[in-house]
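Notes for the one structure printed next.
Below, chains carry the letters A, B, ... as their sequence lines are ordered, and counting in each starts from 1. All figures in this text were calculated on a predicted structure; none of them were measured in a lab.
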Amino acid sequence: MRSHYCGEVNERLVGKTITLCGWVHRARNLGGMIFLDLRDREGIVQVVVHPEQKEIFKLAQTIRNEYVLCVTGKVNARPGDMINTKMKTGTIEVEAAEIKILNTAEPPPFVLDNYVPVSEDVRLKYRYIDLRRPEVFYRIQFRSKLVRAMHNFLDDHGFLEIETPHLTRATPEGARDYLVPSRVQPGHFYALPQSPQLFKQLLMMGGVDRYYQLAKCFRDEDLRADRQPEFTQLDIEMSFIKEEDVMQLMETMMQRLFKDLLEVTLPAFPRMTYAEAMQKYGSDKPDLRISLELVDVADLLKTVEFKVFSSVANDPAGRIAALRVPKGATFSRKNIDDYETLVKKFGAKGLAWMKVNDLNDVQSPIKKFLSDEIVHAILRRVGAQKEDIIFFVADNYRVTSESLGALRVHVGEKDASAWKPLWVTDFPMFEKVDGHWHSLHHPFTAPQDMNNLAHGLSHAYDMVLNGSELGGGSIRIDNIETQQAVFNLLNISEKEAREKFGFLLEALKYGCPPHGGIAFGLDRIAMMMAGASSIRDVIAFPKTATASCLLTNAPSTVSDEQLKELHVQVNTKE
RNA sequence: GGGGGCGUAGCUCAAUUUGGUUAGAGCAUCAGAUUGUCGAUCUGAGGGUUGCGGGUUCAAGUCCCGUCGCUCCCGCCA
């Protein structure tokens, strides 16, 4: 139908007759002459209708916004005073010789201009209209380019794209599963995959050597701005490799993606152990754009009168850390109250502070508990300067680190245009929560030291960018003894292990190559690279915070017939 | 599961603090005018279950209780 996209029309086409298809972005009727801004996915161009063309002119008078047109006409250069410098196609216009109204349109529920704000629920309900907006479409188009570049890179490096099942079995650990009832096997359920983890390991055992997939994953957990119930992972697995091989290759891939799509040169990714990340940044995904660091001060506070400090200082499981914020002495009472509210969200009981008016003049509600000597020792330790404020949290290691880490991100100044990637390595294998052991990564992660399984480190690694985890992976367990030892520690009985993971344990018997891999959150990467603030912006049809689709009204009730067929009974009374 | 914010015309908001006449504005829509506009302009018109349900009151958009929806955060997300 068309010969060119609207956005492609330029001065080189002047004098040529072209055909355009698209939507009427805006119609301006000046009485004696009509202008139509025609829009397609590549841009907008002005169509002019002159009254001499009587029939077309009459037709054009009936044209409203969002009508779908096919326009044929001659490209004319605009005289100097009629050039619109705000438009990419502002130096030319198309003089209509023929207009076909392919379809009419009712007025859209919102104006398709970026200067008019529209609430997100309205946009989602009419997503197909929202997608016509250039800035919305750009992000979807960007994602397509990103995915294409990933395919190209992995194909160039010998990876095979292989699909794994969506209908699979429920897993005992991890997130809540989305379940699918089986019709032919009453009372049995499939689960939608939380990730293709076990399948990709089985592919390695099948000799595939290098696998990747853009895998849809499903997790029935509460949502966040950067979390959807269904999301996409770039899932990768390799055989006969070590940790370093995976990290090197993936780092190269990420550098290539940034170069090709954003013309940004990423540096070599620094490495940081999990322990160091928690110690200095109070996070396993530190935002290195912020220069502030946490400093331990417990050793200085073991004997102080202030019980809140001294009791934690003498508890081996405790941590007292300080965060120095340059020029923070100007923070108001209200600011500090807000910061205290923030750290309390992470479980901290309070936020102590010290304003450094001068190195010999410190203002603080806890000053009365501290000798001058200790105050000076603290100032030296954190490198305090005039007009700084120093915040303190005293609690168990986790609460202190995470709460002060969150405060660091909240108050820290950063260059919003900077890209600061890194690898976080040497994660602990497990952590103990309420007396139960949990895998930090997942139960198939290889330990660094079999002799210190419970308290030792793993061969897991996370790629982190600007305070967000882009992806995480590990070298996997490749022998049945280690795998069983891990299940034991996680309190998964041999019977349960056989039942739930029997196929994996069986497979490990028949010759398993050393292997490992990584999975990236595609939505999150696309969001960050496209400069979006929510992953919903890089998903064509996203769900709301309560996991519903405002466009289709999913999830919905179903007929009794359907339920009966699936052998499912609904009990909504609780 | 817990906490915060929001919900008034098709859209974005005002009126809520301190209950009081007929709930306003801009954009959009419709009609008319208009030959160089480009977020066109000018004149006029139509448009409301104040999310929903209950309560207090002479009187509720405004106060109280419940409920639904959207959103952000904590928990959760191996």
Which nucleotide sits closest to the side chain of A:Phe346: B:G36, B:C77, B:C74?
B:C74
Atom NE2 of A:His50 and atom C1' of B:U37 are separated, to the nearest Å, by 12 Å
Going by the side-chain hydrogen bond (donor to acceptor under 3.5 Å, both in side chains) test, name the single residue among A:Gln483, A:Gln201, A:Glu237 that passes it with A:Arg476.
A:Glu237
From the options B:C38, B:C70, B:G36, select the nucleotide whose nearest atom is closest to the side chain of A:Phe35.
B:G36
Within the structure shown, what part of the strands sits under 4.0 Å from A:Asn65 by heavy-atom distance: base, sugar-phosphate, or nothing?
sugar-phosphate
Taking only the P atom of each, what is the distance from B:U56 to B:G46 in whole angstrom?
38 Å
How far, in whole Å, is B:G4 from B:G53 if one measures between their P atoms?
25 Å
Just checking A:Leu490: base, sugar-phosphate only, or nothing, at a heavy-atom cut-off of under 4.0 Å?
nothing
Using only heavy-atom distances, decide whether a donor-acceptor pair under 3.5 angstrom links the side-chain of A:Gln46 to the base of B:U37.
yes
A:Asp121 CG to B:U12 P: how many Å, rounded?
8 Å
Between B:A28 (P) and A:Tyr67 (OH): distance, integer Å
17 Å
Give the rounded distance in Å between these two atoms: NZ of A:Lys344 and C1' of B:G75.
18 Å
Side chain of A:Thr546 only, heavy atoms from C-beta on: which candidate in B:G36, B:C70, B:C77 is closest?
B:C70
Side chain of A:Pro51 (C-beta onward), nearest among B:C38, B:U35, B:C73
B:U35
Can you tell me how far P of B:U37 sits from CD of A:Gln61, to the nearest Å?
19 Å
By nearest nucleotide on RNA chain B, pick out whichever of A:Gly32 and A:Pro107 is the more 5' one.
A:Pro107
Distance in angstrom units between A:Leu407 CG and B:C74 P, rounded:
14 Å
Is there a donor and acceptor pair closer than 3.5 Å between the side chain of A:Asn84 and the base of B:C38?
yes
Give one of base, sugar-phosphate or nothing for A:Arg536, where a contact means two heavy atoms less than 4.0 Å apart.
sugar-phosphate
Paired with B:U12 by Watson-Crick or G-U wobble geometry, both distances under 3.5 Å: which nucleotide is it?
B:A25
Would you measure the distance from the P atom in B:C65 across to the matching atom in B:U22 and give it in whole Å?
28 Å
Quantified in whole Å, what is the C1' atom distance between nucleotide B:U67 and nucleotide B:G48?
23 Å
Hey, can you tell me if A:Tyr274 and A:Phe427 have their rings parallel, tilted or perpendicular (30° and 60° cut-offs)?
tilted
If you measure from the P atom in B:G20 to the same atom in B:U62, how many Å do you get, rounded?
11 Å
Whichever of A:Thr544 and A:Gln194 has the more 5' nearest nucleotide on RNA chain B, that residue is A:Thr544
Report which part of the nucleic acid A:Ser548 touches: base, sugar-phosphate, or nothing (heavy-atom distance under 4.0 Å, all strands).
sugar-phosphate
Heavy atoms under 4.0 Å is the rule here; annotate nucleotides 6-11 of chain B 5' to 3' with B where the base is hit, S where only the sugar-phosphate is, and - elsewhere.
----SS
I'd like to know if A:Arg78 reaches the base of B:U37 with its side chain, counting only an N/O donor and acceptor under 3.5 Å.
yes
Heavy atoms from C-beta onward define the side chain here; which of B:C74, B:C72, B:U37 lies closest to that of A:Arg28?
B:U37
Watson-Crick or G-U wobble partner of B:C6, both distances under 3.5 Å
B:G69
Heavy atoms of other groups near A:Glu106 CD, more than 12 under 6.0 Å
no
In the structure shown, which nucleotide is the Watson-Crick or G-U wobble counterpart of B:G48, with both distances under 3.5 Å?
none
Roughly how far apart, to the nearest Å, are B:C77 and B:G5 at atom C1'?
24 Å
Is A:Glu469 salt-bridged to A:Lys285, cutoff N-O under 4.0 Å?
no
Please evaluate the base of B:C77 for a donor-acceptor partner in the side chain of A:Arg227 within a cut-off of under 3.5 Å?
yes
Is the CZ atom of A:Arg398 crowded by more than 12 outside heavy atoms at less than 6.0 Å?
no
B:U62 - base-pair partner by Watson-Crick or wobble geometry, distances under 3.5 Å
none
Just by distance, with hydrogens left out, do A:Ser332 and A:Asn335 show a side-chain donor and acceptor under 3.5 Å apart?
yes
Base of B:G75, side chain of A:Glu221 - is there a donor-acceptor contact under 3.5 Å?
no
Across every strand shown, the nucleotide meeting Watson-Crick or G-U wobble geometry with B:U18 (both distances under 3.5 Å) is none
Is the distance from OP1 or OP2 of B:C74 to the nearest side-chain N or O of A:Arg224 less than 4.0 Å?
yes
Gap in Å between the two C1' atoms, one belonging to B:A14 and one to B:A25, rounded
7 Å
Below 3.5 Å, does any donor atom in the side chain of A:Asp222 face an acceptor in the base of B:G75, or the other way round?
yes
Checking all strands, does A:Arg176 fall into the base, sugar-phosphate, or nothing category for heavy-atom contacts under 4.0 angstrom?
nothing
For the pair made of NZ in A:Lys345 and C1' in B:C76, what is the distance, rounded to whole Å?
16 Å
Would you say that A:Ile99 contacts A:Ile63 through its side chain, given a criterion of any heavy-atom pair below 4.5 Å between the two side chains?
yes
Any chance CD of A:Glu494 has more than 12 other-residue heavy atoms, nucleotides or ligands included, within less than 6.0 Å?
no
A:Arg319 to A:Tyr397, cation-pi by 6.0 Å centre distance and 45° axis angle
yes
In whole angstrom, give the distance that lies between atom CG of A:Asn29 and atom P of B:G36.
12 Å
Pairing of A:Arg127 and A:Asp130 as salt bridge, 4.0 angstrom limit
yes
Measuring only the C1' atom in each nucleotide, how far is B:U50 from B:U8? A whole number of Å is fine.
4 Å
Is atom NZ of A:Lys125 surrounded by more than 12 heavy atoms (other residues, nucleotides or ligands) closer than 6.0 Å?
no
